[in-house]
Number of protein chains: 2
Amino acid sequence: MGETVRWLTPEEQHAWRSFVRLHEKLWGRLSRLIQAESKLSAADFAVLVNLTDVPEGRQRYQDLARALEWEKSRMSHHIARMAGRGLVVREECPDDGRGAFVVITEAGRAAIEAAAPLHVEAVRELFLDHVTPAELRVLADISERVVRKLDESVS
Amino acid sequence: MGETVRWLTPEEQHAWRSFVRLHEKLWGRLSRLIQAESKLSAADFAVLVNLTDVPEGRQRYQDLARALEWEKSRMSHHIARMAGRGLVVREECPDDGRGAFVVITEAGRAAIEAAAPLHVEAVRELFLDHVTPAELRVLADISERVVRKLDESVS
DNA sequence: TAAACATGGTTGACATCTCATCGAACTGCG
DNA sequence: CGCAGTTCGATGAGATGTCAACCATGTTTA
């Protein structure tokens, strides 16, 4: 109690508000587009993208959860559903009896490859087309730095 | 069919990926923090912020939905729940027999005022502290421009 | 080695969101 | 007026996400 709050300056206030609105609108629009035009939800898409980035398309639940900033239970439920649709399989981990891998299947790769062009087009139309290369560099810098900080303070 | 896709350049690819990861991590973290420390979910918070921005804390469902990029049914469900907790009330619209207003209550204002310092502190620690004023200006510019474009293309 | 603790993932109950559909009220046009 | 089309919000069913246990395995410590 009695803590003094470091309130936001008008500039900070303004920037943060704008950024939040960008977030709300851009992600709302984008995930509805993806969902409507492919048979993947935004969540499916995020999982599959992560798996294609990783050797053999195989990753531990834990690591995937950390990368996406998901609860482990959400991961568990979601992977079970995706496995049911044949997009991924669950695989036991020989080194650690508790652990398990998520592995992307051929169908999973096919699904994301089918969705990709659409997704790219949407990203362009909704976002990239309205941003200059210089701005994009600034944005990338900010993003990397903040993500690094967030990862450090795993708390 | 046969459409050629404008794929992303490596720079675009990189920037977009970083931005997406920022989104995933920052919002994941932030909404868990808000939820944990106040009795408001991120969704509640967004609604209340919008209502405090608007004259008399009163806004049409439709307008609120548009501002947050929510489905109208989500709005309906969510407002019903918030009304149940006394944060807002539903009010008939005299001009349009179908329509209705959402109005923030005293309890709603109290709730968001209680949550605000905490939220501000989190926003600082997780984001603002790692971004320079110049970068912040660029970010605000980008955000405003893209939001404007998104609003124009209501499709 | 055995007891305590930590970790990785699962489960079930419940909250929340989406989708399709509805009914009531407005709008436009013959 | 009278009908067709549209808009606003509500509703219910099913998909998805969260929270709080839980179990099985690993790890530490005495």
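In the text below, chain A, chain B and the rest are named by the order of the sequence lines, each starting its count at 1.
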Between NE2 of H78(B) and P of dG12(D) the distance, given in whole Å, is 19 Å

Heavy atoms of R29(A) and E69(B) approach each other most closely as NE-OE2, 2.6 Å

By nearest-heavy-atom nucleotide on DNA chain D, the more 5' of Y61(B) and G97(A) is Y61(B)

Practice problem: For dC23(D), take OP1 and OP2 only and decide whether either is under 4.0 Å from a side-chain N or O of R98(A). | Solution: no

Taking every heavy atom of N50(A) against every heavy atom of A67(A), the minimum-distance pair comes out as OD1-CB, 3.7 Å

Is any side-chain N or O of H77(A) under 3.5 Å from a base N or O of dG12(C), one able to act as donor and the other as acceptor?
yes

Here the distance between atom P of dG17(D) and atom CD of E69(A), to the nearest Å, is 15 Å

Checking dT18(D), dA25(C), dT18(C) against the side chain of D96(B) (C-beta onward), the nearest is dA25(C)

With respect to the phosphate group of dA15(D), does any side-chain polar atom (N or O) of R81(A) fall under 4.0 Å of OP1 or OP2?
no

Quick one: is dA10(D) close enough that its OP1 or OP2 comes under 4.0 Å of any side-chain N or O from S76(B)? yes

M82(A) atom CE is separated from dT16(D) atom C1', nearest whole Å, by 13 Å

One should read off an interatomic distance between M75(A) CE and W70(A) CH2, to the nearest 0.5 angstrom, of 5.0 Å

- prompt: Is there a donor on the side chain of S73(B) or the base of dC17(C) sitting less than 3.5 Å from an acceptor on the other?
  reply: no

**Asked** Can you tell me if the side-chain N/O atoms of R90(B) get under 4.0 Å from OP1 or OP2 in dG9(D)?
**Response** no

From CG of L64(B) across to P of dA10(D) the rounded distance in Å is 12 Å

Here the distance between atom P of dC19(C) and atom CH2 of W70(B), to the nearest Å, is 15 Å

In whole angstroms, the gap separating P of dG8(C) from CZ of F101(A) amounts to 13 Å

Assert: residue with more 5' nearest nucleotide on DNA chain C, out of A36(A) and R85(B), is R85(B)

Query raised in the report: Is any side-chain nitrogen or oxygen of R32(A) closer than 4.0 Å to OP1 or OP2 of dC19(C)?
Result: no

When rounded to whole Å, the CD to C1' distance for the pair E71(B) and dA15(D) reads 13 Å

If the cut-off is 4.0 Å, is Q35(B) near the phosphate of dT18(D), judged by side-chain N/O to OP1 or OP2? no

Output for pair (L26(A) CG, F127(A) CZ), nearest 0.5 Å, gives 6.5 Å

Whichever of A43(A) and K72(A) has the more 5' nearest nucleotide on DNA chain D, that residue is A43(A)

* To do: Could you tell me whether the side chain of R90(A) reaches within less than 4.5 Å of the side chain of E92(A), counting heavy atoms only?
  => yes

To the nearest angstrom, the CG-P distance between D95(B) and dA24(C) comes to 21 Å

